[in-house]
Amino acid sequence: MEENHYSAEESRLVHRMLLAEKTAKDLELEAARILVDWQIRLYTKTLWDSPEQVVWTNMVMPTELFYAYGLVPVHTEMTAGWMSSLRLSEEYIRIAQERGFHVGLCSYHKAVIGAMECGDIPPPRLAVFSSHICDGGNGLLQYFRQRFQTPVYLLDVPYQQQGESAVRFVEGQLRNLTKFLENHTGKTLYSKALANAVRYSNHSRCWQRAVNELRKGPVLFYGNQALRNLFGLFFLSGSSKGERAAEAYYRQLKERSSQPSARPVTDRPPRRILWVHFAPLYAGEVMRYFEKALGCLITFDIIGHVYWPELDEDAPLMGLAQKVLSHFYLTDSRQRMDLYRRIIEEYRIDGVVLFMHQGCRAIPGASWELRLIAEQGKISFLELPGDCIDPRGFSSEQVKLRMEAFRESMDLHAKGRKGESYVLGD
Amino acid sequence: MVINEKLLYFCSYVPVEYLKARGFVMVGPGDTDALLDAGMPYSSSRAVCRYMQHCARMDFSRYDGVIFTHCCSSAERVFDFIQFRYPGLFLHMLELPGRMDDMGRKQLAGEYRRLFRELERRFGKREKMSSRFRKTKGTGREVWLLGNSLHPRWKNAVQTIFLDEPLGFSDCSSSRRGDRFLDSDDIDESCPRMLDFLPWFSKRLEEKRDDIRAVIGVFIPKCDFSLFTMPQIRRICHEQNCPVLLLEEEFGPSLSEQNRIRLEAFREMLERKRRTTKKTNK
Amino acid sequence: MYWGIDSGSTSINVVLLNDEKEVVDYRIAESGCRPVDTAEQLMKDICKENCLSMKDTHTIISTGYGRRNIRSAQNSFTEVTCHAYGVQYLYPEAETVIDIGGQDCKAISLSRDGGVDDFIMNDKCAAGTGRFLEVMARVLQMDIETFSRCGLQATSPYPISSTCTVFAESEVISGIAKGITPENLVAGLQQAVADRVASMAAGFPGNVVLTGGVAKSDGIRQCLEKKFPGLQVPFEPQITGALGAALMGWIADHG
């Protein structure tokens, strides 16, 4: 296989991100501007100028330890998300498929693989992934190691086990991870740095919970922004920037809560929506149609749910282990359904949308739970099949049709048509 | 003491022979054709890997217990569904380490102890009743067939295509990884889920290159570990000048016509290479 | 006489070789409901046309999806092997065969000493096959010959992004509604097929020969020539499978 020459000057991703920089200041929410600025710098400078600081990782891997080491985590999901928004994902996916990666593999991973294969992103020098929620973590590690001889570390997370032995097991691996990071970066973990990271993480968590409380009230912004940008707060857990962004998020929403004129406008009486999973990042126009034209305001998104307890500053590794194990897709169905019911009640949800990203097993595989909740609670539920990253095969007309039918079902329900369930899916 | 409870299992990391020796009737998906028309709702089942989709259609009411292995997210989702749908059924999720280093082996040993404990709690204490598992030996020069789970009748169908070529199988149905581990505290065979799978494959191919005529990789649709590793399998085989064929196949007794053609074409290719090598050696 | 019969999903192709390994004649016909009878009839037609007798037959070798149904065949080989031999006969320097048939497409890497080195097939999805083009021709209300040439007049090919036939059909219908000209739609569709096929064959060596019924489409050929410079297409691209089958019979006799 030919070896690539990696250069920021020749990278299409870098070029497009620099163009995107100009539009970043137009973003409505300050927290989103902070996040986007940081991400643009990450992909246009840090990745190329300071590759020794970079550690590739995935969304569910706690980042506090990386920040404590002075490392910069780069998330595969965020990377693929940018590629999709910048209309580069199709090309990268094509390259990955030409290299033999199957059509059915998740496009998040193919986009990243394709970009590395063509040299638009430098190969990873270090990769640490967690095994839970997404099997792609394990898969990508195997690919990085075989293809680029990247030193890799996998955090093995057991399923439906939150007891002491499970916490000890994960904590033991985090301890081994510190040795791994020290060996491969030459950096030392100072307990003060870790304590700071934990503190920043806890403060961030506090602000995010406060934001989530505010979102139980009137809808304060078009929720698609949370799906596009604001979930990036989780990637900054443990950093001062993350704390600052979370605080900015809260303060701006708090201001808006007392300014009705600053709230989103809709063409129809608004309906409150719970959005589950991500959304197609190349289809901003469709999401705007959903929220503004159809009045389906994304009141809460499940990826914004703060599911972990406060980290123990005196036992940070144990705290991180507890954070990992408390993910709600590691619990049994009953507990998860209780969580969703609680959210539906607290956020006064009129309808639930589950975006069934092609290639994802974990969340669409549990769609029957949401279906059951919707049927029992007599609320509207829409299963929307699609792909968050790959625009091929996306039909905006088909998606809008489903969204319109969903809106109609909520309107019917609002008129008090009893005895019918409004579950829309294939 | 009641014996002969039927336990359903899906993965070769379940120590099948050890459990049989303790009086359990062990049933794998290849041992029964009894499937329900509907089980898990379609929108959920179509998201999971096709092997677990098949397993989710089994009639769980016929069994006293089910042992899952924590292979992937698909296994988790089907486990959740069965747990919800059959609340009284004995269900166990066997954790697998991501790598078989010292920590991984220790974890796996602990997991087997946990499994036996849970079984004892539910079904009572058991004494071993029959002889230990015997590892099958390879046949020498062979075509090496690697895969996820393969139905026994599917394997027979493939064998009829390769009548003159012995097939060596390293797949999740025949590998008996759990039994081998309990027998010798080690498993000399990896699977696509394991982080060491590609290095293991590369090393095994290099060491046994004279014995391995060709490689056939068979993977279940939507198995993410296979989707990641298959392109690398192809690359490793090309680097080692080993003919390779990759197939996507549903779990089940029938060999699809599309794959039959591929297998026949591959066999024809191997026959031509053998004839050419003979001519060159003369 | 050495017969090769390719019993495919849409056509039956028959080739006759003589003892000197020369092509005597060939026939192509639609499979119909009785492909076996069609094959027998084609062989009789060739004999009659060339004043030959079936008694002089040495071997009959079959290939294609229906190869096992050809009762008179002494042996059968897959179309992968047969296309490889057929193309190597016509183009000894060829390195790769791309065959685009009615229901499948394949890329075959040729071995220097004859036969197949590696191959990839797509027979699970209509996109990238003749069936895809037939569906689209129907949507645009064109016969297949007109469709194959129409794209050459395009001024601005309309990109079709869907990889699925059904979704691509929807895109074409949307394109029609938007007023996109048939030429630009056809060019976009042909480009989509070429992209898919090229993607499948990525990594295969460069000296490419295109075979199969779809190779007769001028538009597809033009698109693939851009992907594979120096692309060659046989005088009759549909018969390479049958030719290869006949060759297998000749080789069995002559070593």
Side-chain angles (χ1 to χ4, degrees), chain A residues 1 96 99-102 104-106 109 113 131-136 138-143 145-147 152 154-161 165-166 169 172-173 176 329-334 336-337 354 356-369 371-372 383 385 425-426, chain B residues 40-49 52-53 68 70-81 83-85 93 95-99 103-104 107 110-111 114 192-199 202 219 221-236 238-239 246 248:
Chain A
M1 202 175 282
R99 299 284 196 269
F101 289 92
H102 196 270
L105 189 62
C106 175
H109 304 118
I113 289 170
S131 70
H132 66 300
I133 313 306
C134 176
D135 300 324
N138 179 318
L140 270 181
L141 287 185
Q142 293 205 49
Y143 166 71
R145 187 162 76 172
Q146 191 70 23
R147 179 73 176 92
V152 301
L154 179 71
L155 185 73
D156 252 331
V157 180
Y159 187 63
Q160 282 198 17
Q161 294 184 54
S165 64
F169 174 66
Q173 290 181 76
N176 285 348
Y329 273 90
L330 290 176
T331 59
D332 69 45
S333 295
R334 287 203 160 79
R336 195 157 44 246
M337 287 196 278
L354 168 58
M356 313 262 280
H357 170 69
Q358 188 278 126
C360 180
R361 321 282 172 228
I363 296 167
S367 68
W368 64 272
E369 296 169 359
R371 206 175 248 263
L372 190 61
E383 284 169 354
D426 295 331
Chain B
M40 207 170 171
Y42 176 64
S43 60
S44 298
S45 71
R46 75 172 176 185
V48 303
C49 84
M52 289 315 307
Q53 192 181 63
F68 279 80
H70 191 197
C71 173
C72 58
S73 304
S74 299
E76 290 173 7
R77 292 294 85 85
V78 174
F79 180 87
D80 289 342
F81 178 74
Q83 191 180 46
F84 184 83
R85 179 77 175 272
M93 177 73 97
E95 288 295 334
L96 293 181
R99 44 191 179 270
M103 190 168 177
Q107 185 207 354
E111 277 297 302
R114 187 171 74 94
R193 184 217 178 264
M194 294 300 187
L195 208 52
D196 64 357
F197 174 66
L198 289 171
S202 182
F219 59 96
K222 298 191 177 184
C223 168
D224 287 326
F225 302 125
S226 301
L227 297 181
F228 273 105
T229 54
M230 286 296 151
Q232 309 302 322
I233 295 279
R234 181 181 276 277
R235 203 167 54 79
I236 292 166
H238 282 157
E239 281 167 5
L246 300 178
E248 188 182 29

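To find a chain, count down the sequence lines: A is the first, B the second, and so on, and within it residues start at 1. Here the structure is a predicted model, which means the values were calculated and not measured.
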Part of [X] within contact of chain A (heavy atom distance under 4.5 Å):
{"X": "B:Phe79", "value": "side chain"}
{"X": "B:Phe68", "value": "neither"}
{"X": "B:Leu96", "value": "backbone"}
{"X": "B:Glu239", "value": "neither"}
{"X": "B:Pro221", "value": "neither"}

Taking the side chain as everything from C-beta on, heavy atoms only, tell me whether [X] gets closer than 4.5 Å to [Y].
{"X": "A:His109", "Y": "B:Leu227", "result": "no"}
{"X": "B:Pro231", "Y": "A:His102", "result": "no"}
{"X": "B:Ser44", "Y": "A:Glu369", "result": "no"}

Trace of the salt bridge (charged side-chain N to carboxylate O under 4.0 Å, His left out) decision for A:Asp135 with B:Arg193: CA-CA 9 Å; A:Asp135 300 324; B:Arg193 184 217 178 264; over 6 Å; no
Chain B contact via A:Leu140 - which portion, at a heavy-atom distance below 4.5 Å: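 Its backbone and side chain both get close to chain B.
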Engaged part of A:Asp156 at the chain B interface, taking heavy atoms whose separation is under 4.5 Å: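 Contact with chain B: side chain only.
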Using a cut-off of under 4.5 Å on heavy-atom pairs, state which of [options] scores highest against chain B.
{"options": "A:Gly359, A:Gly136, A:Ser131, A:Gly104", "value": "A:Gly136"}
{"options": "A:His132, A:Arg336, A:His357", "value": "A:Arg336"}
{"options": "A:Gly172, A:Ser367, A:Gly100", "value": "A:Ser367"}

For chain A, the option from [options] that forms the most heavy-atom pairs under 4.5 Å:
{"options": "B:Leu198, B:Ile236, B:Thr229", "answer": "B:Leu198"}
{"options": "B:Arg77, B:Gln107, B:Met103", "answer": "B:Arg77"}
{"options": "B:Arg114, B:Glu111, B:His238, B:Met52", "answer": "B:Arg114"}
{"options": "B:Met93, B:Arg99, B:Met230", "answer": "B:Arg99"}

[X] versus [Y], closest heavy-atom pair with distance:
{"X": "B:Gly98", "Y": "A:Leu154", "value": "CA-CD2, 4.0 Å"}
{"X": "A:Asp332", "Y": "B:Asp80", "value": "CA-OD1, 4.5 Å"}
{"X": "B:Pro199", "Y": "A:Arg145", "value": "CG-NH2, 3.4 Å"}

If you measure from [atom1] on [X] to [atom2] on [Y], what distance do you get to the nearest 0.5 Å?
{"X": "A:Gln146", "Y": "B:Ser202", "atom1": "CD", "atom2": "OG", "answer": "6.0 Å"}
{"X": "A:Leu141", "Y": "B:Phe228", "atom1": "CG", "atom2": "CZ", "answer": "9.5 Å"}
{"X": "B:Arg46", "Y": "A:Arg361", "atom1": "CZ", "atom2": "CZ", "answer": "12.0 Å"}

If only side-chain N and O atoms count, and only distance matters, is there a donor-acceptor pair under 3.5 Å linking A:Gln142 with B:Asp196?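 The criterion, which ignores hydrogens and geometry beyond distance, is not satisfied for A:Gln142 and B:Asp196.
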For B:Phe84 and A:Trp368, take the angle between the two ring planes, folded into 0 to 90°, and tell me which bin it lands in: parallel under 30, tilted 30 to 60, perpendicular over 60.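 B:Phe84 and A:Trp368: tilted rings.
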Plane angle bin for A:Tyr159 and B:His70 - parallel if under 30°, tilted between 30 and 60°, otherwise perpendicular: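 Tilted: the ring planes of B:His70 and A:Tyr159 meet at 30° to 60°.
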Should B:Glu76 and A:Gln160 be marked as a side chain to side chain donor-acceptor pair (under 3.5 Å) after you check the CA-CA gap, both sets of side-chain angles, and the distance that decides it? CA-CA 9 Å; B:Glu76 290 173 7; A:Gln160 282 198 17; over 6 Å; no
Begin from the C-alpha positions of A:Arg371 and B:Ser43 and carry the test side chain to side chain contact (heavy atoms under 4.5 Å, CB included) through to its verdict. CA-CA 10 Å; A:Arg371 206 175 248 263; B:Ser43 60; 3.7 Å; yes
